[in-house]
Amino acid sequence: MNKSELIEHLSETLNLPQREATAICNTILERMTEALSDGDSIEIRGFGSFVIKKYEAYEGRNPKTGKKITVQPKKLPFFKVGKELREKVNND
Amino acid sequence: MHDKDNQNLTRKELSETLADQLGFSQSNCAQIVDSFLGNLKDSMLRGESVKLVHFGTFTVRDKSPRRGRNPRTGETITIKKRQAISFRPSKKLREQVND
């Protein structure tokens with residue numbers, strides 16, 4: 001499923017025009033992006049949570065050339081699936 | 001960034017944002033957020049991945065059975081084949097998080 005299919009489903013489930021379903025999708029995803037950009041976590045019961053992991057600078061290697069490089073400190077979002085969804089996905 | 005100020009975004013904040021920005025009533029917004037999440041879940045429960053541009057991709061993948069150990073008793077057990085959901089953030093999200 002991609003975003004436009006999600007919008008279609010949402011517009012059907014909520015009985016709302018596509019235009020509004022699009023606005024809903026964008027608003028939710030933008031709010032989530034904003035939270036993660038602020039370093040906040042996201043916790044949605046039954047679905048899962050997102051946290052930002054911080055990495056210090058470290059010395060790595062360019063896998064192609066083998067040359068040593070310094071990897072700058074970075075932050076990465078991580079998703080952990082919630083208990084309910086994890087159990088459901090294994091219940092078939 | 002100040003670690004101490006970090007907050008936790010939940011369903012409640014998401015539905016408040018929808019009410020503020022799109023003008024739906026609070027009670028409708030709670031239902032809207034649930035439908036949004038429900039649609040994502042249904043797709044994954046069908047075994048379909050969900051690709052959301054500018055945000056990221058949720059994929060459902062099979063994990064093969066393996067031998068494991070009960071950490072408490074030390075007993076060897078077989079972990080059955082199971083499904084796992086993983087999320088790969090989009091390039092844009094990774095960039096925004098590091099801005």
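Values reported hereafter were calculated over all heavy atoms of this structure, with side chains retained and with hydrogens, waters and symmetry mates removed. Below, chain A is the first sequence line, B the second, and so on; all start at residue 1.
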**Request:** Tell me, please, which residues at least two apart from Phe87(B) pass ring pair (Phe, Tyr, Trp, His ring centres under 6.0 Å).
**Result:**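 Scan of Phe87(B) (ring pair (Phe, Tyr, Trp, His ring centres under 6.0 Å), adjacent residues dropped) gives Phe50(A), Phe55(B), Phe58(B).
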About how many Å separate [atom2] of [Y] and [atom1] of [X], when rounded to the nearest 0.5 Å?
| X | Y | atom1 | atom2 | value |
| --- | --- | --- | --- | --- |
| Thr33(A) | Lys92(B) | OG1 | NZ | 7.0 Å |
| Leu36(A) | Arg94(B) | CG | CZ | 13.5 Å |
| Ile85(B) | Phe47(A) | CD1 | CZ | 7.5 Å |
| Glu43(A) | Arg11(B) | CD | CZ | 11.0 Å |

**Prompt:** Would you say Glu56(A) has more than 12 foreign heavy atoms packed within less than 6.0 Å of its CD?
**Reply:** no
**Asked** Would you find more than 12 non-hydrogen atoms of other residues, nucleotides or ligands less than 6.0 Å from Tyr58(A) atom OH?
**Response** no
**Message:** Just to be sure I understand the criterion: a residue of residues 20-31 of chain A counts if one of its heavy atoms is under 4.5 Å from a heavy atom of chain B. Which ones qualify?
**Reply:**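 Heavy-atom contacts from residues 20-31 of chain A to chain B are Glu20(A), Ala23(A), Ile24(A), Cys25(A), Thr27(A), Ile28(A), Leu29(A), Arg31(A).
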**Fill in**
Taking a cut-off of under 4.5 angstrom between non-hydrogen atoms, the residues of residues 1-17 of chain A near chain B are Met1(A), Asn2(A), Lys3(A), Leu6(A), His9(A), Leu10(A), Thr13(A), Leu14(A), Leu16(A)
**Complete:** The complete set of side chain to side chain donor-acceptor pair (under 3.5 Å) pairs with one or both residues in residues 40-49 of chain B, sequence neighbours excluded, reads Arg46(B)-Glu48(B)
**Prompt:** Heavy atoms, side chains only, cut-off 4.5 Å: are Met32(A) and Leu14(B) in contact?
**Reply:**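 The answer is yes, as the side chains (C-beta and beyond) meet within the 4.5 Å cut-off.
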**Contact check, side chains of Val33(B) and Ile44(A), non-hydrogen atoms, under 4.5 Å** = no
**Message:** Counting heavy-atom pairs under 4.5 Å with chain A, which one of Val50(B), Leu45(B), Leu52(B), Asn39(B) comes out on top?
**Reply:**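 Looking at each of Val50(B), Leu45(B), Leu52(B), Asn39(B) in turn, Asn39(B) comes out on top.
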**Prompt:** Is it true that a side-chain atom of Arg82(B) and a backbone atom of Asn90(A) form a donor plus acceptor pair closer than 3.5 Å?
**Reply:** no
**Prompt:** Quick one: what part of Gln96(B) sits under 4.5 Å from any heavy atom of chain A, side chain, backbone, both or neither?
**Reply:** both
**Request:** Select one option (side chain, backbone, both, neither) describing which atoms of Ile32(B) are under 4.5 Å from chain A's heavy atoms.
**Result:**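 Interface part for Ile32(B): both.
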**Request:** Could you please spell out the steps behind the side-chain contact (heavy atoms from CB on, under 4.5 Å) verdict for Leu76(A) and Val97(B)?
**Result:** CA-CA 7 Å; Leu76(A) 266 178; Val97(B) 160; over 6 Å; no
**Request:** Would you name the heavy atoms of Leu85(A) and Met44(B) that are closest together and state the gap between them?
**Result:**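 Looking at all heavy atoms of both residues, the closest pair is CD2-CE, 4.3 Å.
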